[in-house]
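One structure is given below, encoded as structure tokens.
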Protein chains: 2
Amino acid sequence: MTASLPSPEERLRAAGQRVTAQRVLLLRLLDESKEHLDAEGLYERARREMPDINLSTVYRNLAVLKEAGLVEQRYFAREHGREYFEPSTSAEHYHFTCLSCGRVVEFETPLIARVRAELQARHGVRVRHACICFEGICADCAARGQTVPPSKEIIPHDPPSHV
Amino acid sequence: MTASLPSPEERLRAAGQRVTAQRVLLLRLLDESKEHLDAEGLYERARREMPDINLSTVYRNLAVLKEAGLVEQRYFAREHGREYFEPSTSAEHYHFTCLSCGRVVEFETPLIARVRAELQARHGVRVRHACICFEGICADCAARGQTVPPSKEIIPHDPPSHV
DNA sequence: AGCTTTTTGCAAATGATTTGCAAAAAGCTA
DNA sequence: TAGCTTTTTGCAAATCATTTGCAAAAAGCT
């Protein structure tokens, strides 16, 4: 799964960015987890291998990597105000977040690409980036009667896959 | 355009919320501007008529009104970390934000509703809310050669309609 | 009018993200 | 590989939007 992608060093060089131990580490962690991590999450993982790494370094590098197209920012409705990232290599998909338990459901659909195409065609704009996310009640929570917009407290009934 | 919708007072009562001068004012301002306002923007407008209104009151009431379904939160990719609101009465539409000039293009499409329907059908979830937004370069900026992800500085070439 | 509950204004807290700065590391170049 | 220039790092303090605690004021009964 991670077999054919260039190493963090190569990707950094290819993008014309300096290769620092911190960047290499962050890229690798992002690759490995193949999941949505925010700066704090990345920081936690990173300091396990590089105890002196600083949170602001993580933020700064996420900005650099994003600018360079090496990572992509993902959005979750529930998590507005918190920025999540995935390696740019992951497949195009979208997210649904359960308001009750926090579970994240990933799904694919060609329709968003069509929306983008139509938007570009009809308005002459060039779409560079999209934020698409849904939230509501997942099947399990619905089954156990969770139908109303519940308290802000999220009680995971099952560990969300990205934790 | 605003002819047939119930007054702020009526809407508040119908939603089982207390009718306070502040809430009535905020709802009215939201109706009048028919545009995307954030808490700060609403606050600015509100204090012109009610100089002692407090920013935290605006925040608290936006939360209440949102919970009651009287206003809806809108999302702009560029504005992540800032919460925008529109009256719930406005038609379903989506936003494209120009990274270069800040212009907001509104557009409609039935495809998002289909995505939602498919998501619900295929995963058994109940979608309560969606965040759909696009960003990139608008036609005008493209015409004047703005094609790269420019600096954070946004130079409006034309006052965006919502200011 | 009197009583109870909700809301308000104010100030201070929060939480994520950013910034200034001097020291350290990266990427040349000779 | 040493020397030099530019970028990056760690740290602490700052910022910015949003939230919260609290006592006084207003709303909604009766």
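Bear in mind that the values here come from a model prediction, so they are computed numbers and not experimental data. Proteins get letters first, then strands, A, B, ... in listed order; numbering begins at 1 in each.
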5' precedence on DNA chain D between Tyr59(B) and Ser56(A) (nearest-nucleotide basis): Ser56(A)

Okay, side chain of Arg23(B), backbone of Asn61(B): is any donor-acceptor separation there less than 3.5 Å? no

Extract the stems that DNA chain D is part of, considering only consecutive pairing runs of at least three Watson-Crick or G-U wobble pairs, both distances under 3.5 Å. C:1-12 with D:19-30, C:14-30 with D:1-17

Could you walk me through whether Leu42(A) and Ile53(A) pass the side-chain contact (heavy atoms from CB on, under 4.5 Å) test, one step at a time? CA-CA 11 Å; Leu42(A) 246 185; Ile53(A) 195 173; over 6 Å; no

Can you check the Glu67(B) CD to dT19(D) P distance for me, whole Å? 12 Å

So Asp52(B), base contact, sugar-phosphate only, or nothing? Heavy-atom distance under 4.0 Å. sugar-phosphate

What is the distance from CG of Leu55(A) to P of dA13(D), rounded to the nearest Å? 16 Å

In terms of side-chain geometry, is the basic nitrogen of Glu49(B) or Arg28(B) positioned less than 4.0 Å from the acidic oxygen of its partner? yes

Round to the nearest Å and state the distance from Leu62(B) atom CG to dT19(D) atom C1'. 13 Å

Determine the contact category for Glu40(B): base if any of its heavy atoms lies under 4.0 Å from a base atom, sugar-phosphate if only primed atoms, P, OP1 or OP2 are that close, otherwise nothing. nothing

Nucleotide range of DNA chain C lying under 4.0 Å from chain A heavy atoms: dA16(C) to dG27(C)

Return all side-chain donor-acceptor pairs below 3.5 angstrom for residues 108-116 of chain A, not counting sequence neighbours, or 'none' if the list is empty.
{"residue": "Thr109(A)", "atom": "OG1", "partner": "Leu111(A)", "partner atom": "N", "Å": "3.1"}

With a 4.0 Å cut-off on heavy atoms, is Val64(B) in touch with a base, just the backbone sugar-phosphate, or nothing at all? nothing

Taking CD from Glu83(B) and C1' from dC16(D), how many angstroms apart are they, rounded to a whole number? 13 Å

Short question: side chain of Arg126(B), backbone of Ile137(A) - any donor-acceptor pair under 3.5 Å? no

NA contact type, Arg60(A), heavy-atom cut-off 4.0 Å: base, sugar-phosphate, or nothing? base

In sequence, state the C-alpha distance, the side-chain angles, and the governing distance for Glu106(A) and Arg74(A), and then conclude on salt bridge (Lys or Arg N to Asp or Glu O under 4.0 Å). CA-CA 12 Å; Glu106(A) 302 191 345; Arg74(A) 296 303 176 118; over 6 Å; no

In terms of hydrophobic clustering (I, L, V, M, F, W, Y; side-chain heavy atoms under 4.5 Å; direct or indirect links), are Phe85(B) and Ile132(B) co-clustered? no

So Asn61(A), base contact, sugar-phosphate only, or nothing? Heavy-atom distance under 4.0 Å. sugar-phosphate

Under 3.5 Å donor-acceptor, Glu9(B) side chain and Val24(B) backbone: no

Going by the angle between their ring planes, with limits at 30° and 60°, are His36(B) and His95(B) parallel, tilted or perpendicular? perpendicular

Atom-to-atom span, CG of Asp38(B) to C1' of dC16(D) - whole angstrom: 12 Å

